[in-house]
Protein chains: 4
Amino acid sequence: MGIQERKTREKGLRRNQILEAAKEVFSSKGYNTATIEEIADVAELSPGTLYIYFKNKEELHTFLSIDILKHIAEEVELVAQDNVSSDVKLDNLRDVFIKVYEKDPMILISLFHLQAGETLRNLSTEVLDQLKQTSARALSAITSIIVEGIEAGVFIDDHPVALADVIWSTFSGVVLWVDSKRLLNDQKDFVKSTLKIAFSIAKKGLKKD
Amino acid sequence: MGIQERKTREKGLRRNQILEAAKEVFSSKGYNTATIEEIADVAELSPGTLYIYFKNKEELHTFLSIDILKHIAEEVELVAQDNVSSDVKLDNLRDVFIKVYEKDPMILISLFHLQAGETLRNLSTEVLDQLKQTSARALSAITSIIVEGIEAGVFIDDHPVALADVIWSTFSGVVLWVDSKRLLNDQKDFVKSTLKIAFSIAKKGLKKD
Amino acid sequence: MGIQERKTREKGLRRNQILEAAKEVFSSKGYNTATIEEIADVAELSPGTLYIYFKNKEELHTFLSIDILKHIAEEVELVAQDNVSSDVKLDNLRDVFIKVYEKDPMILISLFHLQAGETLRNLSTEVLDQLKQTSARALSAITSIIVEGIEAGVFIDDHPVALADVIWSTFSGVVLWVDSKRLLNDQKDFVKSTLKIAFSIAKKGLKKD
Amino acid sequence: MGIQERKTREKGLRRNQILEAAKEVFSSKGYNTATIEEIADVAELSPGTLYIYFKNKEELHTFLSIDILKHIAEEVELVAQDNVSSDVKLDNLRDVFIKVYEKDPMILISLFHLQAGETLRNLSTEVLDQLKQTSARALSAITSIIVEGIEAGVFIDDHPVALADVIWSTFSGVVLWVDSKRLLNDQKDFVKSTLKIAFSIAKKGLKKD
DNA sequence: TATGAATGAGGTTTCATTCAT
DNA sequence: TATGAATGAAACCTCATTCAT
């Protein structure tokens with residue numbers, strides 16, 4: 001490994017170190033209550049260092065969210081392009097959501113908090129645009145699955161864009177609600193099981209007849 | 001009307017004046033971004049006056065949410081106690097949600113932001129307890145509807161508490177998601193129509209067969 | 001005196017209290033080295049209070065400068081409109097400068113520091129525009145005095161705008177230089193005497209023949 | 001050329017590289033707004049390297065100013081020692097100033113900003129002393145020209161030290177003022193022409209009769 | 001000698017809350 | 001009860017300077 005290469009990897013490591021710390025603090029405290037100083041503490045770095053890698057607090061936060069949203073969009077697009085029945089695609093869609101949740105629950109919750117919360121109201125246009133576009137990509141892939149199912153005569157013939165919204169709402173609603181229940185009641189994590197039930201109900205509800 | 005009574009009514013009016021203003025500002029700005037000064041401005045009062053009626057910013061915010069949550073809980077309990085089929089109860093449940101949304105969309109959104117957001121992480125135990133209890137009341141009423149439907153053999157025989165969570169998740173998920181789409185894309189409000197679709201799918205999904 | 005009136009006067013006093021403190025600190029430390037906290041200390045107020053009366057540090061600083069520049073512009077315009085010979089006008093012009101300097105040496109120095117220094121490079125367009133306009137007013141009044149003198153055949157027939165620049169330069173140059181000498185050598189203030197000499201030389205230099 | 005010598009020259013080159021960059025950045029941004037990082041960027045070096053050649057930011061900045069001030073002092077002393085009439089000396093003095101300005105307008109402006117600005121208030125005693133001494137050398141040379149003129153009966157018999165101040169003030173005042181006009185109005189550079197006018201007026205004003 | 005990532009002190013600014021009137 | 005000016009703690013962010021490589 002050359003010096004350049006090692007330096008690049010080290011730089012990547014430092015970025016990750018910050019991102020991990022930010023993920024932890026944002027997830028447990030929320031955007032506004034989290035402080036740069038605390039993130040720096042967790043990352044075992046000084047506050048100033050964070051500003052070498054990220055322009056400001058907002059950019060650091062949004063980076064986390066857009067990153068996972070991009071990942072979701074890509075996975076959902078893959079599912080939509082698969083050569084299987086729309087019925088199976090719906091199952092695969094559910095599994096994408098579950099997998100994403102299991103891989104990184106906190107950052108996913110963070111994304112939905114961003115999407116549902118007040119931070120949204122205070123983003124720069126540039127960042128907001130990225131969020132919109134990536135979000136639109138994911139939604140349009142879901143819509144295409146629904147449309148295919150309708151055309152194949154297996155799904156009810158309703159407004160497919162609205163149905164995609166329902167899918168997405170169900171997903172994010174379950175994650176946020178079950179997470180908040182966990183916080184409120186110190187219960188264990190039952191997002192996965194609730195998601196399974198929610199999707200099986202939604203799937204049955206989408207079916208014709 | 002005696003002097004005491006008039007004073008009480010005036011006091012109530014002043015409180016409402018503040019609550020209305022707080023509702024408006026919290027809903028449009030979010031908890032952290034909203035300032036006491038702006039709420040006072042909207043209420044046409046001085047900042048100091050707000051502290052005569054509410055202990056602090058948090059109490060003012062949570063009061064709004066708990067208030068509507070109590071209302072929802074009561075309405076849902078009424079629906080559950082009604083002497084109709086569980087099938088019809090599910091429709092009535094949907095209408096409760098729609099009515100609440102239509103009566104005061106902003107405060108409902110505010111409740112869900114509270115439930116999904118970072119404020120939750122910074123509440124006093126006392127306030128948190130109230131939130132938990134009221135929330136539990138609503139959920140348990142929904143659960144009872146599901147249980148009844150299962151016992152009557154019309155609903156699928158799954159974990160009824162989880163099904164209640166799914167109902168609640170769907171409701172809150174749709175409201176938050178559609179609201180955020182409205183904000184992001186400056187679209188008009190289509191919460192009601194999406195809610196109707198979401199509930200018809202959920203209902204069909206819940207049915208046995 | 002009514003309550004309203006007293007309050008207004010008190011508010012004005014508080015503003016002045018801040019302006020006086022700012023003048024003192026900016027003049028002795030310069031813009032960048034001066035801190036809001038020190039100004040607040042001198043004003044015997046808390047830092048936050050300064051932000052009730054002025055939007056930010058820049059506005060506070062520029063307010064001082066624009067204010068005196070406006071005063072200069074007005075006085076110079078009066079001198080220019082007077083019904084006396086251009087020869088006498090030149091003397092009156094000198095006296096305006098001397099009077100302004102004697103009334104408030106620090107704030108005048110502050111203006112020239114603003115005009116000559118780096119702060120200029122970091123002003124908002126809005127504030128810069130005000131500065132330009134007021135500055136232009138003063139210069140154009142000086143120019144009109146020169147033009148009149150040229151037309152009357154008493155002043156040399158050179159580019160009058162440049163001559164106005166020379167007058168202004170002489171004025172600000174003397175003030176800044178003598179002030180800096182005072183700082184460097186802990187000498188007493190000899191701006192007035194130097195100004196008198198500078199103007200008598202300039203006046204003689206401007207005369208025809 | 002021996003190794004030692006080459007090293008010395010390389011060291012000198014590196015120093016110049018830094019000084020050139022510093023000159024450019026300080027002149028366009030001002031002392032406080034200029035950052036070490038930007039100077040390092042322009043010099044195509046790393047920030048750390050600058051600290052090998054200069055103790056700190058202040059020393060770097062003041063080195064530039066003292067350097068040109070020394071140059072001015074030397075040139076003015078030469079003019080004063082010349083074997084020509086005081087009348088011609090005054091012309092030569094003007095030409096020194098013009099030549100210095102034309103050779104390096106930015107660094108001259110930088111010197112006057114130092115002299116007129118807030119940096120002056122924050123220099124170390126050591127550096128301040130150097131500035132004082134060099135400045136005194138230049139002023140005393142100018143004074144000697146005036147004295148000679150007075151003794152020869154061609155200049156008015158006023159306080160010669162003050163007259164030297166007036167000369168210097170005129171010079172620095174014109175440079176700063178015209179530079180600031182250029183900045184404010186995006187006009188072209190008319191320092192030279194204004195300087196010529198200013199000196200011709202001053203010269204005429206200094207003449208007896 | 002040269003690097004440049006990291007530091008951390010210190011600055012500006014915000015805003016929930018208080019309290020004299 | 002109502003006011004609203006004042007507070008001051010705490011947040012974000014910058015950047016001169018250092019030091020391990």
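Only a predicted model underlies this, so the values are computations on that prediction, with no experimental measurement involved. Residue numbers begin at 1 in each chain, while the letters A, B, ... track the order of the sequences. Values below: all heavy atoms of this structure, side chains included; hydrogens, waters and symmetry mates excluded.
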Just by distance, do the side chain of [X] and the backbone of [Y] share a donor-acceptor pair under 3.5 Å?
| X | Y | result |
| --- | --- | --- |
| A:Ser28 | A:Glu24 | yes |
| B:Lys57 | B:Ala34 | yes |
| C:Thr62 | C:Glu58 | yes |
| D:Lys23 | D:Ile18 | no |
| D:Lys55 | D:Leu60 | no |

Can you tell me the distance, in whole Å, between the [atom1] atom of [X] and the [atom2] atom of [N]?
| X | N | atom1 | atom2 | result |
| --- | --- | --- | --- | --- |
| B:Glu38 | F:dG4 | CD | C1' | 17 Å |
| A:Ile36 | E:dG8 | CD1 | C1' | 15 Å |
| B:Arg14 | F:dT3 | CZ | C1' | 12 Å |
| A:Leu13 | E:dA6 | CG | C1' | 16 Å |
| B:Leu50 | E:dC15 | CG | P | 16 Å |
| D:Phe54 | E:dA2 | CZ | P | 13 Å |
| A:Glu58 | F:dA11 | CD | P | 19 Å |
| B:Asp41 | F:dG4 | CG | P | 10 Å |

Using a heavy-atom cut-off of under 4.0 Å over every strand shown, decide if A:Ala34 touches base, sugar-phosphate, or nothing.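 It contacts sugar-phosphate atoms only.
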Which part of the nucleic acid, if any, lies within contact of C:Thr35, taking any heavy atom under 4.0 Å across all strands shown: a base, the sugar-phosphate backbone alone, or nothing? sugar-phosphate
Is the number of heavy atoms from other residues, nucleotides or ligands within 6.0 Å of CD (D:Glu59) greater than 12? yes
To the nearest 0.5 Å, what is the distance between OG (D:Ser46) and CD1 (D:Ile52)?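 The OG atom of D:Ser46 sits 7.5 Å away from the CD1 atom of D:Ile52.
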Does [X] make a side-chain N or O approach to OP1 or OP2 of [N] shorter than 4.0 Å?
| X | N | value |
| --- | --- | --- |
| D:Tyr51 | F:dT17 | yes |
| C:Ser46 | F:dG8 | no |
| B:Tyr53 | F:dT1 | no |

Can you tell me how the ring of D:Phe26 sits relative to the ring of D:Tyr31, calling it parallel under 30°, perpendicular over 60° and tilted otherwise?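 Judged by the thresholds at 30° and 60°, the geometry between D:Phe26 and D:Tyr31 is parallel.
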For DNA chain E, report each stem as range with range, ordered by first number, or say none. Use Watson-Crick or G-U wobble pairs under 3.5 Å, at least 3 in a row.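 Runs of three or more consecutive pairs: E:2-21 with F:2-21.
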Taking the minimum atom-to-atom distance to the side chain of D:Thr49, which one of E:dA2, E:dA6, F:dA2 wins?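 Closest nucleotide among those given: E:dA2.
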Consider the side chain of B:Lys57, meaning its heavy atoms from C-beta on, and name the nucleotide among E:dT3, E:dT17, F:dT3 that approaches it most closely.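 When the side chain of B:Lys57 is considered, E:dT17 is the closest of E:dT3, E:dT17, F:dT3.
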Want to settle it: does B:Leu45 or C:Leu45 sit nearer the 5' end of DNA chain F, counting the closest nucleotide to each? B:Leu45
Nearest nucleotide by nearest heavy atom, which residue falls closer to the 5' end of DNA chain F, A:Lys55 or B:Pro47?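 Counting from the 5' end, the first nearest nucleotide belongs to B:Pro47.
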Which comes earlier along DNA chain E counting from the 5' end, the contact point of C:Ile52 or that of A:Gly48, where each point is its nearest nucleotide? A:Gly48
